[in-house]
Amino acid sequence: MSNHLNEPWSSYDQDSDHFFHTYNKIYFSSVHRPFIRFLPRKAAARILDIGCGSGRDARALAIRGYTVTAVDPSKELLRLAEARDLKKRITWKNDALPKLASLGRSSFNFILLSAVWMHIPPQERDSSIKRISELLDNEGHLAVTLRMGEQDESRMMYSVSLQELITLASKHNLAPTYISRKTKDSFNRSKVSWRKVVFKKTKKPSIP
């Protein structure tokens, strides 16, 4: 993901209406049911949705009472998502991993990274996880969905592996606390399946 945010995401900008309506056909509570028990207990907790797309998940989290920041590199998808936020509950930002420069030194109690990891070039994955860890409070949770199987080259996707993600996360004080089995694709694509992983941010070990 380069600094030119729109270049890698041209397909999402060009077909923003299609993706917006498609993603909004399914519900947060259905897609992310395993994540719900890891959500912060404090209603006003700060949540970051990286790669928010249509804004479906950000809106669902805001309705639950959380303070939500939603980030996406596609300007057109972000425009549609923000327009649907009628009560202006969410802070919307056009930004992308690995830098997420617009977030500065912000901190969050929970971070959602849904259907994003396969878009991150392998050479940027370590710096992306490092940045995510910096943004996550100690004892906070990072929830990730991993697209397994066939990748869509028209949308700049790369192969992923669960072990790679766990290895990189462990370097940056993120320990897995939940790993799902492979689950079927919500849009019934036969060659696509998903794994859901939740990491917990741990404090750095003290130096004697």
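Quick caveat: nothing in here was measured; it's all calculated off a predicted structure.
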Legend entry - Audit row: Leu78, Val71, side-chain contact (heavy atoms from CB on, under 4.5 Å) steps and yes/no: CA-CA 8 Å; Leu78 199 67; Val71 177; over 6 Å; no

Legend entry - Pairwise distance CE(Met157) to CE(Met118) - rounded to 0.5 angstrom: 4.0 Å

Inset, instruction - Return yes if some donor-acceptor pair links the side-chain N/O of Ser133 with the main-chain N/O of Lys130 below 3.5 Å, else return no. - result: no

Inset, instruction - Say whether Leu142 and Leu97 are linked into one hydrophobic cluster, either directly or through other cluster members, by side-chain heavy-atom distances under 4.5 angstrom. - result: yes

Inset, instruction - Spell out, yes or no, whether Phe28 and Phe110 are grouped together once hydrophobic residues are joined by side-chain heavy atoms under 4.5 Å, including indirect joins. - result: yes

Legend entry - Thr145 side chain vs Ala115 backbone, donor-acceptor pair below 3.5 Å: yes

Inset, instruction - Search all heavy atoms of Ser180 against all heavy atoms of Arg195 and return the closest pair with its distance. - result: O-NE, 2.7 Å

Inset, instruction - Flag the pair Lys201 and Glu139 as a salt bridge only when some basic side-chain nitrogen lies within less than 4.0 angstrom of an acidic carboxylate oxygen. - result: no

Legend entry - Tyr66 side chain to Pro40 backbone, donor-acceptor under 3.5 Å: yes

Legend entry - Heavy-atom pair with the smallest gap, counting every atom of Ala81 and Gly53: CB-O, 3.8 Å

Inset, instruction - Apply side-chain contact (heavy atoms from CB on, under 4.5 Å) to Asp85 and Trp92, showing your working. - result: CA-CA 10 Å; Asp85 180 21; Trp92 304 92; 3.1 Å; yes

Legend entry - Separation between SG of Cys52 and CG of Leu61, rounded to the nearest 0.5 Å: 11.0 Å

Inset, instruction - Could you check if a side-chain atom of Met148 sits within less than 4.5 angstrom of a side-chain atom of Trp194, using non-hydrogen atoms only? - result: no

Legend entry - Gap between atom OG of Ser114 and atom CZ of Arg56 - 0.5 Å precision: 6.0 Å

Inset, instruction - Kindly indicate whether the side chain of Ile132, heavy atoms from C-beta on, has any atom under 4.5 Å from the side chain of Ile111. - result: yes

Inset, instruction - State, to 0.1 Å, how close Ile90 and Ala70 come at their nearest heavy-atom pair, and which atoms those are. - result: CG2-CB, 3.8 Å

Legend entry - Ile47 and Thr69, any side-chain heavy atoms less than 4.5 Å apart: no

Legend entry - Non-hydrogen side-chain atoms of Ile179 and Ile166 separated by less than 4.5 Å: yes

Legend entry - Candidate pair His119 and Val160, rule side-chain contact (heavy atoms from CB on, under 4.5 Å), full reasoning: CA-CA 9 Å; His119 289 305; Val160 304; over 6 Å; no

Legend entry - Test item: Ile120 and Tyr158 side chains (from C-beta on) under 4.5 Å apart, heavy atoms: no

Legend entry - Verify same cluster id: Leu174, Leu103 (apolar side-chain graph, 4.5 Å): yes

Legend entry - Ala58 versus Asp49, closest heavy-atom pair with distance: N-OD2, 3.5 Å

Legend entry - Shortest non-hydrogen contact between Arg59 and Ser54, atoms and distance: NH1-O, 2.9 Å

Legend entry - Any side-chain heavy-atom pair of Leu135 and Leu48 under 4.5 Å: yes

Legend entry - Flag for Asp95-Ser102: side-chain donor and acceptor within less than 3.5 Å: yes

Legend entry - NZ (Lys42) with more than 12 external heavy atoms under 6.0 Å: no

Inset, instruction - May I have all residue pairs that pass salt bridge (charged side-chain N to carboxylate O under 4.0 Å, His left out) and include part of residues 166-175, sequence neighbours excluded? - result: Asp126-Lys171

Inset, instruction - For Asn109 and Gly140, indicate whether the former's side chain and the latter's backbone hold a donor-acceptor pair under 3.5 Å. - result: no

Legend entry - From CA spacing to verdict: side-chain contact (heavy atoms from CB on, under 4.5 Å), Asp137, Phe108: CA-CA 6 Å; Asp137 287 343; Phe108 300 90; 5.9 Å; no

Inset, instruction - Drop me the distance from Arg79's CZ to Asn94's CG, to the nearest 0.5 angstrom. - result: 12.5 Å

Inset, instruction - Over all heavy atoms of both residues, which pair between Ala175 and Thr202 is shortest? Give the atoms and the distance, please. - result: CB-CG2, 4.4 Å

Legend entry - Distance (rounded to the nearest 0.5 Å) between Thr91 OG1 and Glu82 CD: 9.5 Å

Legend entry - side chain to side chain contact (heavy atoms under 4.5 Å, CB included) partner of Phe38, the single match among Lys200, His32, His141: His141

Legend entry - Value rounded to 0.5 Å, distance of CG in Leu112 from CG in Leu39: 9.0 Å

Legend entry - pair Arg125-Trp117: side-chain heavy atoms closer than 4.5 Å: yes

Inset, instruction - For the residue pair Val144 and Phe199, establish whether any side-chain heavy-atom pair is separated by less than 4.5 Å. - result: yes

Inset, instruction - Spell out, as yes or no, whether a donor-acceptor pair under 3.5 Å connects the side chain of Arg131 to the backbone of Leu100. - result: yes

Legend entry - Same apolar cluster (I L V M F W Y, side chains within < 4.5 Å links), Leu162/Val198: no

Legend entry - Residues Lys93 and Asp72 bridged, charged N to O under 4.0 Å: no

Legend entry - Side chain Arg46, main chain Ser107, donor-acceptor under 3.5 Å: yes

Legend entry - Hydrophobic cluster membership, Ile50 vs Val197, 4.5 Å side-chain cutoff: yes

